[in-house]
Amino acid sequence: MAEIKLHNTKIRGEQLFTPIDPDNVRIYLCGPTVYDRAHLGNARNVIMFDVLFRLLRHEYGAGHVTYVRNFTDVDDKINARAAESGRSIAEITAETSQWYLDDMAALGTLEPTHMPRATAYIPQMVEMIADLIARGHAYAAEGHVLFSVESYKEYGALSGRSVDDMIAGARVEVAPYKRNPMDFVLWKPSSDDLPGWDSPWGRGRPGWHIECSAMSFALLGASFDIHGGGNDLMFPHHENEIAQSCCAHPEGDFAQVWMHNEMLQVEGKKMSKSLGNFFTVRDLLEQGVPGEVIRFVFLSTHYRKPMDWTEKKAAEAEAVLRKWRGMVAGVEASDVPAAVLASVANDLNTAGAIAELHRLATAGEAPALKAGAALLGLLGEDLGGWDRVAVDLSDYVTRFNETRAKAMENKDFSGVDAMKQALIAAGVEVRMSKAGVELVPGPGFDAAKLEAL
RNA sequence: GGCGAGUUGGCGGAGUGGUGACGCAGCGGAUUGCAAAUCCGUGUACAGGAGUUCGAUUCUCCUACUCGCCUCCA
């Protein structure tokens with residue numbers, strides 16, 4: 001059994017991971033709000049959690065880990081998208097959810113055990129909100145229900161802020177019905193043209209944070225092991241989740257470990273919708289960047305460090321994966337090598353694990369390479385195929401061999417060189433040896449350019 | 001202003017209180033008709049300052065810079 005160490009935002013440091021129940025290790029990842037394609041940054045924590053999921057399954061058994069990732073399918077961004085496109089909300093969320101699943105599958109991520117949709121948990125949210133009011137942690141005002149941050153003395157602990165400090169530098173709009181400017185919405189009224197559900201406070205819809213509290217409680221209980229997301233969710237989203245969950249269920253203590261990944265950057269800037277400098281996972285896939293390459297690039301940087309997406313990294317990753325795939329083809333995986341496991345168990349040090357894979361590759365230990373890569377979700381069947389171009393070059397091999405044989409006799413290699421140049425120009429790797437010629441379609445293979453031969 | 005993360009060689013990127021990974025690129029060699037691929041070998045780094053220590057890139061403090069959060073955002 002490997003010793004798993006994880007960085008816990010709650011204590012600002014690493015700690016040994018000890019599950020509440022080794023027979024049922026429970027983890028929760030904040031999933032997407034489904035109104036558009038997932039951008040590349042969205043993939044980072046999904047891949048991070050996928051590695052975590054694989055590690056925990058390896059250690060505790062595949063049947064002993066429960067992974068929940070929600071779909072937030074009620075949100076004002078979705079409403080806005082529906083209004084501007086004239087399409088129905090249901091249509092948008094269904095389509096976007098499927099896109100998300102397709103894109104994440106293309107990156108080799110395993111599906112979570114549960115993928116609850118917020119709209120299927122409205123009664124649980126209403127119940128939790130009513131409970132919070134009953135316990136004096138929330139109040140109804142003008143059709144809204146607000147969480148009273150003053151009622152929870154730990155508010156701000158995760159992100160290291162105090163309510164007073166936040167008010168001092170506040171940029172939040174202060175609604176007149178708020179008792180404290182930092183109070184946040186649990187429930188808000190819906191006009192007739194907006195989605196809404198009946199509730200004790202009138203027809204309305206949930207605020208942003210309550211869905212995660214309600215769904216994690218329903219599926220994982222009042223206490224569970226690990227909760228995660230991007231570090232931009234630390235405040236306010238996770239802070240508010242903690243407040244809601246801990247106040248509604250004081251018998252539990254919500255997530256034991258909080259894991260937050262750093263942001264992905266593009267040209268030194270965070271990729272974000274408001275900056276408009278984002279591109280989607282699908283964009284890259286359509287440009288021909290294999291999902292496995294995207295995954296490899298992500299895993300090359302530790303999750304708690306900023307990572308820049310660059311084409312150069314993608315090209316390097318592709319070259320490495322081609323080489324490794326060539327090595328492990330037809331090879332039976334061994335047990336996961338201890339050094340790889342130790343790296344991954346060390347706060348998901350995937351970059352360190354990849355370094356170990358390089359060592360194994362150099363040493364020619366293909367079975368271990370395959371097993372270690374599998375722990376990272378690499379070199380598997382699911383992500384394969386992209387490195388092999390389905391093209392029959394045997395005619396060219398024959399012609400090349402004939403031309404070369406003549407050249408060997410008369411010492412005039414001009415014909416061979418011309419042919420070689422043409423093949424290289426078409427993206428074919430030409431390997432000549434005494435035994436003969438091998439032609440391998442490479443990254444830039446272009447069948448059209450072969451026509452000229 | 002408050003809170004947090006980062007700063008390692010040409011590039012990417014781990015790790016460690018004491019002989020400075022690894023990958024890519026570069027250079028030299030083997031191989032080749034020439035190449036490619038492969039193999040062997042090889043150079044350069046720990047933002048700055050102070051402190052703790054026999055010794056710090058690694059621990060502590062300060063400074064600088066970069067990035068993020070504090071508003072929808074992973």
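Note on naming: letters A, B, ... go to the chains in the order of the sequence lines (proteins, then strands), and numbering restarts at 1 for each one.
The side chain of A:Thr301 contributes an N or O atom lying less than 4.0 Å from OP1 or OP2 of B:rG13. Distances shown here put every side-chain N or O of A:Asn231 at or beyond 4.0 Å from the OP1 or OP2 atom of B:rG4. Of the side-chain N and O atoms in A:Asn45, none sit less than 4.0 angstrom from OP1 or OP2 of B:rA74. Remark: A:Lys305 is in phosphate contact with B:rU7, judged by side-chain N or O atoms under 4.0 Å from OP1 or OP2.
With rounding to whole Å, A:Asn240 atom CG is found 13 Å from B:rU71 atom C1'. Look at NZ on A:Lys10: it is 19 Å from C1' on B:rC3, rounded to the nearest Å. Separating the NE2 atom of A:His260 from the P atom of B:rC70 is a distance of 13 Å, rounded to the nearest angstrom. Here B:rC73 presents its P atom at 11 Å from CG of A:Asp76, a figure rounded to the nearest Å. Remark: P of B:rG68 and NE2 of A:His237 are 21 Å apart, rounded to the nearest angstrom. Across the protein-nucleic acid pair, A:Asp412 atom CG and B:rC34 atom C1' stand 13 Å apart, rounded to whole Å. Rounded to an integer number of Å, the gap from CZ of A:Phe400 to C1' of B:rA37 is 14 Å. In this structure, the CD atom of A:Glu318 is 17 Å from the C1' atom of B:rG12, given to the nearest Å.
Of the C1' atoms belonging to B:rA47 and B:rU66, the separation is 11 Å, rounded to the nearest Å. Annotation: B:rU42 and B:rG20 have their P atoms spaced 13 Å apart (nearest Å). Taking the C1' atom of each, B:rG49 and B:rU7 are spaced 15 Å apart, rounded to whole Å. Taking atom C1' in both B:rA25 and B:rG68, one finds a spacing of 31 Å when rounded to whole Å. One C1' atom belongs to B:rU8, the other to B:rG23, and the distance between them is 15 Å to the nearest Å. Across B:rC27 and B:rU60, the matching C1' atoms stand 42 Å from one another, rounded to whole Å. For the P atoms, the distance from B:rU19 to B:rA45 is 15 Å, rounded to whole Å. Between the C1' atoms of B:rA21 and B:rG15, the separation comes to 7 Å (whole Å).
Relative to the side chain of A:Phe413, the nucleotides B:rA14, B:rG33, B:rA74 differ in distance, and B:rG33 lies closest. Distances were taken from every side-chain heavy atom of A:Phe235 (C-beta onward) to each of B:rG68, B:rC70, B:rA14; the shortest belongs to B:rC70. In the set B:rA35, B:rG68, B:rG23, the nucleotide with an atom closest to the side chain of A:His358 is B:rG23. Among the nucleotides B:rC73, B:rC24, B:rC34, the one closest to any side-chain atom of A:Trp208 is B:rC73. If you check B:rC34, B:rA14, B:rC11 against the side chain of A:Met432, the one that comes closest is B:rC34. In the set B:rA5, B:rC73, B:rC24, the nucleotide with an atom closest to the side chain of A:Lys323 is B:rC24. Of the candidates B:rG2, B:rA35, B:rA21, B:rA21 carries the atom nearest the A:Ala355 side chain, counting heavy atoms from C-beta on. Nearest nucleotide to the side chain of A:Arg431, out of B:rC24, B:rA74, B:rA36: B:rA36. The side chain of A:Asn346 lies closest to B:rG15 when the candidates are B:rC70, B:rG15, B:rA5.
Each of A:Gly230 and A:Gly160 has a nearest nucleotide on RNA chain B; the 5'-most of these lies closest to A:Gly160. The nearest heavy atom of RNA chain B to A:Lys313 and to A:Gly41 marks one nucleotide each, and the one closer to the 5' end goes with A:Lys313.
Shown here, B:rC65 forms a base pair with B:rG6; the pair counts as Watson-Crick or G-U wobble because both key distances fall under 3.5 Å. Remark: B:rU42 base-pairs with B:rG26. Criterion, Watson-Crick or G-U wobble with two distances under 3.5 Å. Figure legend. B:rG20 is base-paired to no nucleotide; pairs are counted as Watson-Crick or G-U wobble with both atom distances under 3.5 Å. Nucleotide B:rU60 has B:rA50 as its partner under the Watson-Crick or G-U criteria, with both atom distances under 3.5 Å.
The CZ atom of A:Arg295 lies 7.5 Å from the CG atom of A:Leu107; values are rounded to the nearest 0.5 Å. Distance check: A:Phe184 CZ to A:Lys178 NZ gives 10.0 Å after rounding to the nearest 0.5 Å. Between atom CG of residue A:Leu376 and atom CD of residue A:Glu292 there is a gap of 11.0 Å, rounded to the nearest 0.5 Å. In this structure, CZ in A:Arg69 is found 6.0 Å from CZ in A:Phe71, a value given to the nearest 0.5 Å. Here the straight-line distance linking atom CD of A:Glu211 with atom CG of A:Asp75 works out to 8.0 Å at 0.5 Å rounding.
Put simply, the side chain of A:Asn79 does not reach to within 4.5 Å of the side chain of A:Tyr35, judged on heavy atoms.
Counting atom types as modelled, A:Asp417 pairs a side-chain N or O with a base atom of B:rG33 as donor and acceptor under 3.5 Å. In this model, no side-chain donor or acceptor of A:Lys77 finds a partner on the base of B:rC73 within 3.5 Å. Checked by distance alone, A:His39 brings a side-chain donor or acceptor within 3.5 Å of a matching partner on the base of B:rA74.
The residues A:Arg322 and A:Glu318 are annotated as salt-bridged, a charged nitrogen and a carboxylate oxygen being separated by less than 4.0 angstrom.
In summary, of the residues considered (A:Leu52, A:Ile226, A:Asn70, A:Asn45), a side-chain contact (heavy atoms from CB on, under 4.5 Å) with A:Leu29 occurs for A:Asn45 alone.
Nearest heavy atoms, A:His260 versus A:Arg304: O-CG, 3.8 Å.
Among the protein residues, A:Arg359 comes within range of no part of the nucleic acid, since none of its heavy atoms lies under 4.0 Å from any strand. Using a 4.0 Å heavy-atom criterion, one finds that A:Lys411 contacts no nucleic acid atom at all. Within the nucleic acid shown, A:Val440 has no heavy atom closer than 4.0 Å to any nucleic acid atom.
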